[in-house]
Amino acid sequence: MKTLIIFTSVHHQNTEKVAKVIAEELNADLVPIMEAQPGLPASYDLVGFGSGIYFGKHHKTLLRFVETLQPVTQKRAFIFSTCGDGKIHHAALKDKLVTKGFSVVDEFFCRGWDTVGPLKLFGGINKGRPDGNDLAAARAFAQGLKK
Ligand SMILES: Cc1cc2nc3c(=O)[nH]c(=O)nc-3n(C[C@H](O)[C@H](O)[C@H](O)COP(=O)(O)O)c2cc1C
């Protein structure tokens with residue numbers, strides 16, 4: 001199963017930690033969004049998309065990238081994220097992927113260190129996250145994608 005992971009991780013490299021664990025488990029090619037070309041997913045069986053959550057959505061560079069992709073036919077995809085509030089915020093990215101013809105087979109999220117706005121005065125929330133437990137959960141998620 002040839003797997004590609006496209007990600008961006010701009011706040012504290014939180015999502016990059018998750019992306020690396022999933023990529024390692026799946027032996028996937030890990031490509032930062034700034035290096036991703038719209039034609040890239042075509043040669044893969046499974047494509048992962050992930051970033052931190054910004055104002056309730058994945059990072060705008062990832063959302064915009066998905067808009068540039070050529071339509072596909074039921075290509076398997078998965079979504080992942082890290083966020084401050086520990087809730088799932090995948091609807092915007094999922095909608096765009098489904099519109100392009102991807103089949104979103106699974107999703108993963110966990111908390112990430114967040115120092116946005118006034119939070120930074122107190123050292124932020126979720127310091128140290130993703131932690132070992134989060135990364136173990138990410139690995140288990142990736143193992144599930146192999147079935
Ligand atoms: C400008 C900004 C906006 C954010 N908006 C949200 C949000 O709407 N919901 C949330 O749960 N976390 C929010 N966060 C927290 C990030 O999603 C969290 O820190 C994430 O782990 C960052 O991932 P990264 O380090 O991979 O970029 C925001 C952070 C920043 C800097």
Side-chain angles (χ1 to χ4, degrees), residues 1-41 43-69 72 75-100 102-146:
M1 182 176 62
K2 203 175 165 205
T3 306
L4 169 69
I5 296 176
I6 298 171
F7 78 102
T8 187
S9 188
V10 299
H11 188 35
H12 289 298
Q13 289 69 55
N14 296 330
T15 315
E16 184 174 15
K17 292 178 186 140
V18 172
K20 282 183 169 167
V21 165
I22 298 174
E24 187 183 274
E25 191 62 36
L26 296 176
N27 199 17
D29 291 335
L30 185 58
V31 178
I33 191 75
M34 299 314 284
E35 293 170 22
Q37 300 296 325
L40 200 53
S43 55
Y44 289 85
D45 308 309
L46 175 67
V47 188
F49 297 87
S51 76
I53 296 298
Y54 295 85
F55 310 107
K57 299 175 180 179
H58 280 80
H59 195 263
K60 61 188 175 189
T61 56
L62 187 61
L63 295 169
R64 284 189 197 139
F65 175 77
V66 171
E67 286 170 8
T68 69
L69 295 176
V72 293
K75 190 179 284 287
R76 293 174 77 229
F78 64 91
I79 296 174
F80 61 99
S81 66
T82 64
C83 61
D85 66 6
K87 295 181 186 156
I88 193 161
H89 300 277
H90 291 181
L93 177 58
K94 194 172 183 177
D95 279 0
K96 287 185 191 296
L97 288 170
V98 168
T99 299
K100 289 290 177 178
F102 286 91
S103 169
V104 178
V105 294
D106 209 353
E107 304 175 50
F108 176 85
F109 70 98
C110 67
R111 288 180 187 267
W113 182 28
D114 181 6
T115 56
V116 68
L119 292 177
K120 67 174 166 288
L121 299 174
F122 311 99
I125 55 170
N126 310 324
K127 190 140 172 102
R129 305 281 298 268
D131 59 15
N133 287 337
D134 296 319
L135 297 180
R139 191 173 291 281
F141 166 79
Q143 285 163 354
L145 290 168
K146 293 192 227 177

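Atoms within each ligand, like the ligands themselves, are counted from 1 in listed order. No experiment lies behind these values; they were computed from the predicted model shown.
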* Results of ring-ring contact (aromatic ring centres under 6.0 Å, His included) for His12 - residues two or more places apart only ->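 For His12, the residues satisfying ring-ring contact (aromatic ring centres under 6.0 Å, His included) (neighbours in sequence not counted) are Trp113.
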* Looking at residues at least two apart in the chain, or sitting in another chain, which of them share a ring-ring contact (aromatic ring centres under 6.0 Å, His included) with Phe7? ->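 ring-ring contact (aromatic ring centres under 6.0 Å, His included) check on Phe7 returns nothing, list empty.
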* Are His89 and His58 close enough that their ring centres sit under 6.0 Å apart? ->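 Not close enough - the centres of the two rings lie 6.0 Å or further apart.
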* **Residue shell around ligand 1, heavy atom under 4.0 angstrom** => Ser9, Val10, His11, His12, Gln13, Asn14, Thr15, Gly52, Ile53, Tyr54, Phe55, Gly56, Thr82, Cys83, Gly84, Asp85, His89, Gly112, Trp113, Asp114, Val116
* Are there more than 12 heavy atoms of other residues, nucleotides or ligands under 6.0 Å from atom NZ of Lys94? ->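 No, the 6.0 Å shell around NZ holds no more than 12 heavy atoms from other groups.
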* Asked: Pairs in or reaching into residues 19-39: which pass ring pair (Phe, Tyr, Trp, His ring centres under 6.0 Å), with residues at least two apart or in two chains?
  ->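 Output for this query is empty, none listed.
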* To do: State whether Lys20 and Glu16 are salt-bridged, where the test is any N-O pair (Lys NZ or Arg NE/NH1/NH2 against Asp/Glu carboxylate O) under 4.0 Å.
  => yes
